[in-house]
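The sequence lines fix the lettering, A, B, ..., with proteins before strands; numbering per chain opens at 1. Side chains are part of it too, since the values below use all heavy atoms of this structure and drop only hydrogens, waters and symmetry mates.
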Number of protein chains: 2
Amino acid sequence: MIKKPTLHDVASLASVSQSTVSQYLNGRYKHMGKETRRRIEHSINTLQYKPNAVARGLKQKKTTTIGIIVANILHRFSTQVSRAIEDICHQFEYHAIICNADDDAKKEKKYIDMLKAKQVDGFIIIPTGLNEDLYKDLLEERYPLIFLDRKVEALPIPTVSLKNKKAGYEAATHLLDQNHRNIAYISSPLTVNTRKERYQGYVQALENAGIEVKEEYVFGGDINQLNHTLPDILEKNHPPTALICGNDRVLKNVLPILKKRDISIPQHLALLTFDEVEFSEFFTPTITTIEQPAYEMGVQAAELLLQRINGKAEQQREETYEFEPKLKVRESSLLKK
Amino acid sequence: MIKKPTLHDVASLASVSQSTVSQYLNGRYKHMGKETRRRIEHSINTLQYKPNAVARGLKQKKTTTIGIIVANILHRFSTQVSRAIEDICHQFEYHAIICNADDDAKKEKKYIDMLKAKQVDGFIIIPTGLNEDLYKDLLEERYPLIFLDRKVEALPIPTVSLKNKKAGYEAATHLLDQNHRNIAYISSPLTVNTRKERYQGYVQALENAGIEVKEEYVFGGDINQLNHTLPDILEKNHPPTALICGNDRVLKNVLPILKKRDISIPQHLALLTFDEVEFSEFFTPTITTIEQPAYEMGVQAAELLLQRINGKAEQQREETYEFEPKLKVRESSLLKK
DNA sequence: ATGAAAGCGCTAACAG
DNA sequence: CTGTTAGCGCTTTCAT
């Protein structure tokens with residue numbers, strides 16, 4: 001890389017001291033000699049000088065960079081959230097470093113460590129939930145920190161999330177309204193509060209309707225095992241007539257299985273999934289979705305974080321910012337076969 | 001934020017000098033007293049010392065951070081590419097700052113400037129193509145730089161891309177093989193080489209088949225105008241029986257129009273698009289896609305960049321790394337209405 | 001085998 | 001109004 005001009009270069013060319021140039025750069029040129037100012041400007045232009053943010057960061061203990069840890073950027077939720085955060089950052093001249101923890105505690109830890117080493121000004125994390133000590137450390141070190149999507153109980157960390165129980169409730173209610181009585185529920189492990197709450201909403205809706213929750217219709221585990229377990233569920237004496245997918249990844253694993261078994265949707269089985277499915281409004285079969293306002297959630301998280309970084313809000317409060325799930329019932333596609 | 005321990009703290013606790021600790025940290029403890037070493041280790045552990053990457057970066061003029069500028073992270077191609085780059089970076093303990101230029105020259109410039117200020121070690125850019133001077137500057141300043149997806153002619157910058165002409169050729173050929181003769185081609189402005197080449201492939205396929213390319217079937221412009229222009233195209237005397245979308249964004253704008261006009265796919269119109277459409281294999285109508293191996297392309301770009309950063313390859317060579325398009329013909333979905 | 005000292009590029013008192 | 005000075009936390013000769 002080629003040598004870049006420094007403050008020192010600018011200063012000597014303009015025949016002033018570095019501090020004067022520094023003042024200028026930081027907008028403190030109220031009482032600055034008009035001539036001095038002109039010379040500095042000229043000098044900066046001819047040298048094409050650009051301040052070195054690393055040096056400034058070292059001095060000011062502030063990098064205008066934040067760390068984002070998402071589950072997996074390939075998921076639509078993470079993508080939209082990242083985009084939202086990036087947009088807000090851009091607006092305030094911040095930068096975001098995005099990391100994929102893949103629901104892996106080790107990776108999450110490694111990323112947090114690396115980001116700390118890089119002296120990020122704060123974090124937005126979709127926590128795996130598997131590193132409570134780490135989160136607590138972050139808090140004790142007074143890092144501005146916002147959780148997204150998932151909540152870690154008993155840690156006073158502001159959290160932006162969906163009303164997950166409500167989402168689950170609406171999902172089941174929607175299907176009940178269509179006279180489904182045997183509704184399967186397929187999810188990744190119910191260890192994460194988000195998933196658990198959605199499931200609880202489902203349970204509650206069934207109970208309210210006086211319908212027994214049958215364990216045999218429920219799966220909460222490694223979705224790579226679905227090859228074995230889903231067929232079991234579908235072959236019960238009274239097979240489910242409807243199926244809820246806990247998120248878009250679940251859907252992704254469920255679809256091939258249904259396809260292989262030649263199950264028609266929605267005749268044989270009604271399908272409902274959480275999260276957004278791109279283009280779903282144009283396709284048959286109609287898949288009802290319960291979407292999260294992911295972009296808005298990302299904006300909210302970013303704004304909360306920047307407030308905290310800039311001292312406009314106190315960190316150590318357990319606040320929850322909950323968003324409404326959006327049920328999208330698709331009319332049958334017009335693009336039919 | 002709470003005060004973090006520094007090298008100095010570690011050194012005094014261990015009763016050695018900073019330089020010794022620094023040696024230790026950088027793995028140069030060949031001839032280091034076993035006892036000294038033990039004390040340093042102990043000291044680091046009790047203080048939970050973590051080196052400050054900003055300070056190190058300032059000194060070493062290396063930040064182990066690279067800048068990525070994509071078109072829009074909400075597009076599948078960008079998402080997959082970002083994920084791939086991030087994976088490779090993680091492997092080599094690098095970090096990526098991802099920015100969305102939104103095909104906007106101003107934003108692209110601003111991001112490049114910000115990333116330079118942050119002293120990134122290199123760039124991977126999906127260039128808007130609108131800032132040739134900037135790219136040239138980057139080159140002259142000897143920044144390691146890789147272009148992705150799009151090529152900027154006459155600049156010796158390694159570029160990872162799809163065989164776009166081939167992709168266009170295959171697209172048209174596939175439809176010709178199904179006896180389509182009137183094939184519409186809808187694209188964003190053909191100013192970007194990627195789009196132009198795809199279109200050229202389409203033209204060539206038609207010419208090879210002895211079919212005249214009718215201008216009235218071709219649209220290359222702002223896809224927000226499609227509301228007006230697409231209906232025109234569909235209402236010709238001999239309307240197209242097939243339609244090619246230049247990328248997934250085009251598809252996204254085309255679908256609502258087709259839906260509103262109640263056009264059945266594929267009976268009234270066969271649809272083919274470049275880029276991946278998630279879940280498309282499970283949906284009706286069947287949309288044939290020509291996918292890019294986006295993840296692999298991202299990996300390639302990241303590897304090329306890291307090689308250059310670490311001096312294992314020279315920058316200033318115009319090399320093109322071209323990937324094969326993947327035609328995916330969908331069998332009619334089993335999940336039918 | 002270890003330490004002293006200089007300096008990366010910038011900012012922030014404090015003088016003058 | 002502008003300059004001097006002292007670091008931010010780390011690495012790196014160069015001595016010892």
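Residue pairs meeting the side chain to side chain donor-acceptor pair (under 3.5 Å) criterion with at least one member in residues 124-133 of chain B, sequence neighbours excluded: Glu108(B)-Thr128(B), Glu108(B)-Asn131(B), Thr128(B)-Tyr135(B). Screening residues 58-111 of chain B for ring pair (Phe, Tyr, Trp, His ring centres under 6.0 Å) gives His90(A)-Tyr111(B), Tyr111(A)-His90(B) as the qualifying pairs, with residues at least two apart or on separate chains.
Residues satisfying the side chain to side chain contact (heavy atoms under 4.5 Å, CB included) test with Val192(B), not counting sequence neighbours, are Arg150(B), Thr194(B), Arg195(B). Not counting sequence neighbours, the partners of Glu153(B) by the side chain to side chain contact (heavy atoms under 4.5 Å, CB included) test are Lys151(B). Residues meeting the salt bridge (Lys or Arg N to Asp or Glu O under 4.0 Å) test with Lys136(A), sequence neighbours left out: none. Partners of Val21(A) by side chain to side chain contact (heavy atoms under 4.5 Å, CB included), not counting sequence neighbours, listed by chain and number: Leu7(A), Val10(A), Ala11(A), Val16(A), Leu25(A), Ile40(A). Considering only residues two or more places apart in sequence or on other chains, Ser188(B) meets the side-chain hydrogen bond (donor to acceptor under 3.5 Å, both in side chains) condition with none of them. Remark: Lys59(B) engages no residue in a side-chain hydrogen bond (donor to acceptor under 3.5 Å, both in side chains) (not counting sequence neighbours).
A sub-4.0 Å separation between OP1 or OP2 of dT11(C) and a side-chain N or O of Ser22(A) is present.
Regarding Asp9(B), its CG atom lies at a distance of 13 Å from the C1' atom of dC8(D), rounded to whole Å. Atom CD1 in Ile40(B) sits about 14 Å away from atom P in dC10(D), given to the nearest Å. Atom CG in Leu25(B) sits roughly 12 Å away from atom P in dT12(D) (whole-Å rounding). Between Asn26(A) atom CG and dC10(C) atom P the separation is 11 Å, expressed in whole Å. Atoms CD (Glu35(B)) and P (dA1(C)) sit 15 Å apart, rounded to a whole Å. Atom CG of Leu7(B) and atom P of dG3(C) are 13 Å apart (whole Å).
If you find the closest nucleotide of DNA chain C to Arg37(B) and to Lys3(A), the one lying nearer the 5' end belongs to Arg37(B).
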Taking only distance into account, with no hydrogens and no angle test, what donor-acceptor pairs under 3.5 Å do side-chain atoms of residues 294-305 of chain A form with protein atoms, sequence neighbours excluded?
| unit_1 | atom_1 | unit_2 | atom_2 | d |
| --- | --- | --- | --- | --- |
| Tyr295(A) | OH | Asp87(A) | OD2 | 2.4 |

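The distance from atom CG of Asp102(A) to atom CD1 of Ile69(A), rounded to the nearest 0.5 Å, is 11.5 Å.
Contacts between residues 52-67 of chain B and DNA chain D, counted as heavy-atom distances below 4.0 Å, involve Asn52(B), Ala55(B), Arg56(B), Lys59(B), Gln60(B). Within residues 41-49 of chain A, the residues approached by DNA chain C to less than 4.0 Å at the level of any non-hydrogen atom are Tyr49(A), in residue-number order.
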Quick one: which protein N/O atoms are closer than 3.5 Å to N/O atoms of nucleotides 3-5 of chain D? Pair and distance per line, please.
| unit_1 | atom_1 | unit_2 | atom_2 | d |
| --- | --- | --- | --- | --- |
| dG3(D) | OP2 | Ser17(A) | N | 2.8 |
| dG3(D) | OP2 | Thr20(A) | OG1 | 2.9 |
| dG3(D) | N7 | Ser19(A) | OG | 3.2 |
| dT4(D) | O4 | Ser19(A) | OG | 3.1 |

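Using a distance-only test at 3.5 Å, with no hydrogens or angles considered, a donor-acceptor pair links the side chain of Asp104(A) to the main chain of Lys106(A).
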